[in-house]
Every structure is written in structure tokens, then in C-alpha cells.
Amino acid sequence: MNGWLAAAALLLIAGVGPSLWNAARGAPGRRVVAQNYATLLLCLVFLLLAQGYGRPAYVDLALVLSVLGPAGTLVFARLLLTGEEAGEGGEPPGTRRLTPVVAVGTAATVLPLCVVTGPGRATVKLLVIGALLLAGGVATTRAVRHG
Amino acid sequence: MADPAVDDVLIVASLLFVAAAATAAVLNRDPARQAVVLSLLGLGLAVLFTVLQAPDVGLSQLGVGSALTPLMILLTVRKVRRQRERRDGERHGGKRRG
């Protein structure tokens, strides 16, 4: 039984599925927040897959997504939330939970991976991905809140 | 190496996710909202490629699908909307003058 792959499958089914449900319906703000959740969770899924398959090269996918995911969310926040649909009042549901979820999810995934990997360049890479995810979570939360 | 049962679960889950995201992208009619679902479809395809052991394809899909395509769609929608507003403004201005 490969625990890493099982965790990735669980995260994919229980985390990314509901984000798709939220991204496909409702107000634009709710969709943007759901898209942000999906990119974060998928980044963690890629990290778990890399460990589960035993191929450190797969970590590059998570690295690219940790840069492009928040960038995509910022694009949506800039172009979708400032259009004519803006001004529906209040911040979208789930915005307040975004930064805590990012922090807890990243810590719960990256730290065990660091312990398994051991000291070296791969650990530094994992820590960089974690830092990028945290910074992206804070930046996108601010962008969704303030437009 | 990987356990076949867990591997199958991963492949089936990502396939179902891709199918659901594609259906949702079709059912949404507003292009700006469609772009959000489309970016999720790109992410799902990247996971599917990775699970099928083709991470190089997944990497390029990630770059194109998650950031570039939605950006182009949103910029296009914005430009069309602005042009339409400007044309409407000119038409109303002309009526008022005439």
C-alpha cells in the first residue's frame, strides 16, 4: 500500500472535486476562490504523486503550478472581478478560510516530504515550493478581498 | 513501485474530473465564467497526463491551460465589451445631435 498515492487520490477526490463544483456555478467571486483552492490542492497532489511514484523529477510540475496558479488567480481577480459583475457586495464565501487552508495544507504536505527526502537540494526545492504557495495564498486572498 | 489498485483509482478519478470539468465548461454560457472552468479543465488534464506517466506533456498543459488560455479569453472578452460600449455610445451621441 503506497500511502503517498492514496493521499494524492484522497486529496484529488475530496478536495479538487468540490472546487470544480464551486467553480462551475454561482457568482464570479466564488468561482475565483474555488479556482484558487483547486490550484493549491493540485500542487500538493503533484508533490504527493512525485513521492508516491518515486520520481523526484515530477516535483517540477508542482514548482511550475505554485508559480502559475496564483498568477492565474490574480488574472481572474483583476479581469473578472473588476468587470460589470463586480460590486455584488461582500467578499466571496471561503475567502477567510483561504490563507489558513493554504498554510495548514502546505505544512502538512511539505514537512513530511522534507523528512522523507532528507537534507539536500531536493529539500530546498520542496521548501521553495512551500514558500511560493504561502506567498501566493496571501497575495490571492488580498486580491480577491480588495479587487 | 506503485500499487495497481491505487493507480487505477487515481486514473479513474482524474478521468472523471476531466469529463466533469469539460461538461461544466460546455454548460456555462458566459465566456468570462467559462474561462474559470476552462482553467480547471487544463489543470485536470495535467493531472491526468501525470498519472498516465507523461509529466512532460502535463508540464506544457499546465502552462497553457492554467494561465495562458484564460488570460487570452478574458482579454478578448474585455476588448469586445469595450468596443461594443464605444459603438453604442457613438450611436446615442449621433441621435442626440440629429
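The analysis underlying the following values was restricted to heavy atoms, covering all of them including side chains, and did not include hydrogens, waters or symmetry mates. A note on names: the letters A, B, ... follow the listed sequences, proteins ahead of strands, and every chain is numbered from 1.
Contact record, A:R31 with B:V36: O-CG1, 3.7 Å, taken as the closest heavy-atom pair. Between A:I13 and B:A13, the shortest heavy-atom contact is CG1-CB, 3.9 Å. Across A:Y53 and B:T50, no two heavy atoms sit closer than the pair CE1-O, 4.2 Å. For the pair B:L40 and A:A23, the tightest heavy-atom approach, listed with the atom from each and the gap, is CD1-CB, 3.4 Å.
With a 4.5 Å cut-off on non-hydrogen atoms, B:A35 touches chain A through its backbone and its side chain both. Looking at B:L75, both its backbone and its side chain come within 4.5 Å of chain A, counting heavy atoms on both sides. Both the backbone and the side chain of B:A46 come within less than 4.5 Å of a heavy atom of chain A. Neither the backbone nor the side chain of A:V67 has a heavy atom closer than 4.5 Å to any heavy atom of chain B. Neither the backbone nor the side chain of A:T73 has a heavy atom closer than 4.5 Å to any heavy atom of chain B. Residue A:F76 touches chain B through both its backbone and its side chain, counting heavy-atom pairs closer than 4.5 Å.
Remark: A:L68 CG to B:S39 OG distance equals 11.5 Å, nearest 0.5 Å. From A:L61, atom CG reaches atom CG of B:L59 across 5.0 Å, with rounding to the nearest 0.5 Å. Note that the CG atom of A:L80 and the CZ atom of B:R78 stand 11.0 Å from one another [nearest 0.5 Å]. Taking CG of B:L62 as the reference point, atom CG of A:D60 lies at 11.0 Å (rounded to 0.5 Å).
Taking hydrophobic clusters as Ile, Leu, Val, Met, Phe, Trp and Tyr residues chained together by side-chain heavy-atom distances below 4.5 Å, B:L45 does not share a cluster with B:V12. In this structure, A:L44 is a member of the same hydrophobic cluster as A:V116, with clusters built from ILVMFWY side-chain heavy atoms closer than 4.5 Å. One hydrophobic cluster, built from ILVMFWY side chains closer than 4.5 Å, holds both A:V45 and A:L134. Put simply, A:V59 and A:V124 are part of the same group of oily side chains (I, L, V, M, F, W, Y) that touch within less than 4.5 Å, one to the next. Linking Ile, Leu, Val, Met, Phe, Trp and Tyr whenever their side-chain heavy atoms come within less than 4.5 Å puts A:V33 and A:V75 in one cluster.
Exactly one residue among B:L10, B:V51, B:V9 makes a side-chain contact (heavy atoms from CB on, under 4.5 Å) with A:L5. That residue is B:L10.
With hydrogens and angles ignored, the 3.5 Å screen pairs a side-chain donor or acceptor of B:R33 with a backbone N or O of A:G26.
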Mind running side-chain contact (heavy atoms from CB on, under 4.5 Å) on A:L79 and B:V77 for me, showing each step along the way? CA-CA 10 Å; A:L79 294 178; B:V77 167; over 6 Å; no
Kindly determine whether B:S66 and A:T39 satisfy side-chain contact (heavy atoms from CB on, under 4.5 Å), including the steps that lead there. CA-CA 9 Å; B:S66 74; A:T39 55; 5.7 Å; no
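Side-chain contact between A:L20 and B:F17: present, with at least one pair of heavy atoms (C-beta onward) separated by less than 4.5 Å. By the 4.5 Å heavy-atom criterion applied to side chains, A:L65 and B:L43 are counted as neighbours. Between A:R25 and B:L27 the shortest side-chain heavy-atom distance does not fall below 4.5 Å.
Counting heavy-atom pairs closer than 4.5 Å to chain B, the top-ranked of the candidates A:A24, A:G72, A:A57 is A:A24. Contact count versus chain B (heavy atoms, under 4.5 Å) is highest, among A:A34, A:G69, A:A38, A:A9, for A:A9.
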